[in-house]
Amino acid sequence: MSVLHEPALAWYADHARDLPWRRPESSAWSVLVSELMLQQTPVARVLPVHEAWLERWPEPAALAAEQPGAAVRAWGRLGYPRRALRLHAAAVAIRDRHGGQVPDDHAALLALPGVGEYTAAAVASFAFGRRHVVLDTNVRRVLARLVSGVELPAPSVTRAERELAGGLLPDDPGTAATWAVAVMELGALVCTARSPGCARCPVADRCAWRAAGHPAYDGPPRRAQAWAGTDRQCRGRLMAVVRDSEAAVPEHRLEAVWPEATQRDRALAGLLADGLLVRLPASDSPQGPLYALP
DNA sequence: AATTCGTGGTA
DNA sequence: TTACCAAGAAT
């Protein structure tokens with residue numbers, strides 16, 4: 001074990017958070033659900049939703065038996081509600097193609113809706129102890145600092161990063177899986193984006209970025225995520241109205257939360273195209289068409 | 001390859 | 001207050 005692995009693994013053994021999807025008794029389904037929810041969403045907001053989700057749908061087949069809209073409603077305000085649709089579709093695929101069991105190999109996981117390179121590696125590694133390069137935003141930042149000596153990684157994953165991470169991966173699958181989650185945890189708790197806690201870092205004495213005097217980020221500027229007035233804000237408002245209503249919603253209630261018609265119509269069309277909403281026939285309502293979850 | 005896609009906490 | 005950030009995926 002190297003001068004990096006030993007202190008990092010020891011630190012993880014002492015400081016790892018007790019997260020529901022990390023417990024020995026937690027299922028691969030619990031891990032998969034957590035990974036979908038954690039895509040671009042902080043742990044603190046995922047915790048209560050994940051707990052309720054596993055309580056209601058303890059296995060993939062239970063979710064697969066529901067309408068997609070049930071998943072969207074239970075998703076609540078986690079954001080990016082297409083992930084709820086994808087998780088439901090993944091549950092259907094697991095029921096139909098994998099006998100109701102979450103697949104344990106990377107290729108089969110990658111074929112599931114909503115599962116990309118990172119999530120496939122994470123589930124294979126964390127739920128099944130397989131040896132994979134798990135490259136998320138935390139790992140990328142830790143390796144950028146520790147090894148490459150820069151504050152932040154490039155905007156998108158590079159081949160060099162993947163090779164670097166692969167070169168550091170322990171040979172033993174079980175140790176590799178622990179290493180992966182340990183580096184991720186280190187990035188989440190110590191080597192954070194805003195204020196790195198070098199004083200608490202188990203590998204600070206080996207950190208290239210620290211040795212170089214913490215030089216500031218010197219890469220291409222990342223575009224800020226615009227929000228006010230965007231289609232995403234509009235979509236969020238529209239979805240909130242339907243999600244928070246038990247009954248189907250008449251159009252005037254959507255108009256009330258976004259008066260500008262052109263953008264509202266565009267956002268609504270997008271939500272219908274994405275399958276996040278359905279339009280019910282106007283013949284059933286004197287107020288015109290109604291909108292509901294699928 | 002660059003864009004799009006929610007939401008809320010924090011410095 | 002504004003800007004950044006959070007276990008990415010799909011197109």
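To find a chain, count down the sequence lines: A is the first, B the second, and so on, and within it residues start at 1.
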Please classify the nucleic acid contact of [X] as base, sugar-phosphate, or nothing, using heavy-atom distances under 4.0 Å.
{"X": "A:Glu117", "answer": "sugar-phosphate"}
{"X": "A:Trp21", "answer": "base"}
{"X": "A:Val139", "answer": "nothing"}
{"X": "A:Ala122", "answer": "nothing"}
{"X": "A:Arg140", "answer": "nothing"}
{"X": "A:Arg266", "answer": "nothing"}
{"X": "A:Leu32", "answer": "nothing"}
{"X": "A:Thr137", "answer": "sugar-phosphate"}
{"X": "A:Gly116", "answer": "sugar-phosphate"}
{"X": "A:Leu36", "answer": "nothing"}
{"X": "A:Arg86", "answer": "sugar-phosphate"}

Practice task
Would you mind checking if A:Glu185 and A:Arg22 are paired as a salt bridge, meaning a charged N to carboxylate O distance below 4.0 Å?
Solution key: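 Judged by the 4.0 Å cut-off on N to carboxylate O distance, A:Arg22 and A:Glu185 do form a salt bridge.
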
Handout entry: Ion pair A:Asp274/A:Arg235, N-O distance below 4.0 Å
Key =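 Yes.
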
Exercise for the section: Could you tell me whether a side-chain N or O of A:Arg130 sits under 3.5 Å from a main-chain N or O of A:Ser125, the two making a donor and an acceptor? Expected result: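 Flag not set: sc A:Arg130 to bb A:Ser125 has no pair under 3.5 Å.
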
Exercise for the section: On the 0 to 90° scale, with breaks at 30° and 60°, tag the A:Trp57-A:Trp53 ring pair as parallel, tilted or perpendicular. Expected result: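 Rings of A:Trp57 and A:Trp53: perpendicular, as their planes differ by over 60°.
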
Would you mind reading off the distance between [X] atom [atom1] and [N] atom [atom2], rounded to a whole angstrom?
{"X": "A:Arg243", "N": "B:dG6", "atom1": "CZ", "atom2": "C1'", "result": "9 Å"}
{"X": "A:Arg237", "N": "B:dT7", "atom1": "CZ", "atom2": "C1'", "result": "13 Å"}
{"X": "A:Arg45", "N": "C:dA6", "atom1": "CZ", "atom2": "C1'", "result": "8 Å"}
{"X": "A:Leu85", "N": "C:dA10", "atom1": "CG", "atom2": "P", "result": "13 Å"}
{"X": "A:Asp231", "N": "B:dG6", "atom1": "CG", "atom2": "C1'", "result": "13 Å"}
{"X": "A:Glu185", "N": "C:dA6", "atom1": "CD", "atom2": "P", "result": "14 Å"}
{"X": "A:Met37", "N": "B:dG6", "atom1": "CE", "atom2": "P", "result": "16 Å"}
{"X": "A:Met239", "N": "B:dC5", "atom1": "CE", "atom2": "P", "result": "14 Å"}

Donor-acceptor pair (no angle test) under 3.5 Å: [X] side chain, [N] base:
{"X": "A:Arg232", "N": "B:dT7", "answer": "no"}
{"X": "A:Arg194", "N": "C:dC4", "answer": "yes"}
{"X": "A:Gln39", "N": "C:dA10", "answer": "no"}
{"X": "A:Thr41", "N": "B:dG8", "answer": "no"}

Which listed nucleotide ([options]) is nearest to the side chain of [X]?
{"X": "A:Leu19", "options": "B:dC5, C:dG8, C:dA7", "result": "C:dA7"}
{"X": "A:Tyr80", "options": "C:dA7, B:dG6, C:dC4", "result": "B:dG6"}
{"X": "A:Arg17", "options": "C:dC5, C:dG8, C:dA7", "result": "C:dA7"}

Exercise for the section: Report yes if some heavy atom in the side chain of A:Val203 is under 4.5 Å from a heavy atom in the side chain of A:Trp11; otherwise report no. Expected result: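 They are not in side-chain contact.
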
Handout entry: 5' precedence on DNA chain B between A:Ala240 and A:Ser195 (nearest-nucleotide basis)
Key =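 Its nearest nucleotide being more 5', the pick is A:Ala240.
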
Problem - Closest-nucleotide ordering on DNA chain C, the 5'-leading residue of A:Leu152 and A:Ala120 - result: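 Looking at the nearest nucleotide for each, A:Leu152 comes out on the 5' side.
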
Handout entry: Residue met sooner reading DNA chain C from 5', once A:Arg222 and A:Pro113 are mapped to nucleotides
Key =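 Looking at DNA chain C, the more 5' nearest nucleotide goes with A:Arg222.
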
Problem - Hphob cluster co-occupancy, A:Tyr80 + A:Leu271, side-chain heavy atoms under 4.5 angstrom - result: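 Different clusters.
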
Handout entry: Pairwise P distance, B:dT4 and C:dA7 [rounded to whole Å]
Key =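 Here C:dA7 and B:dT4 have their P atoms 24 Å from each other.
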
Problem - side-chain N/O A:Arg82 vs C:dA10 OP1/OP2, d < 4.0 Å - result: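 Indeed not, no polar side-chain atom of A:Arg82 lies that close.
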
Problem - Distance-only polar pair, side chains of A:Ser27 and A:Glu59, donor-acceptor under 3.5 Å - result: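 Side chains of A:Ser27 and A:Glu59: no pair found under 3.5 Å.
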
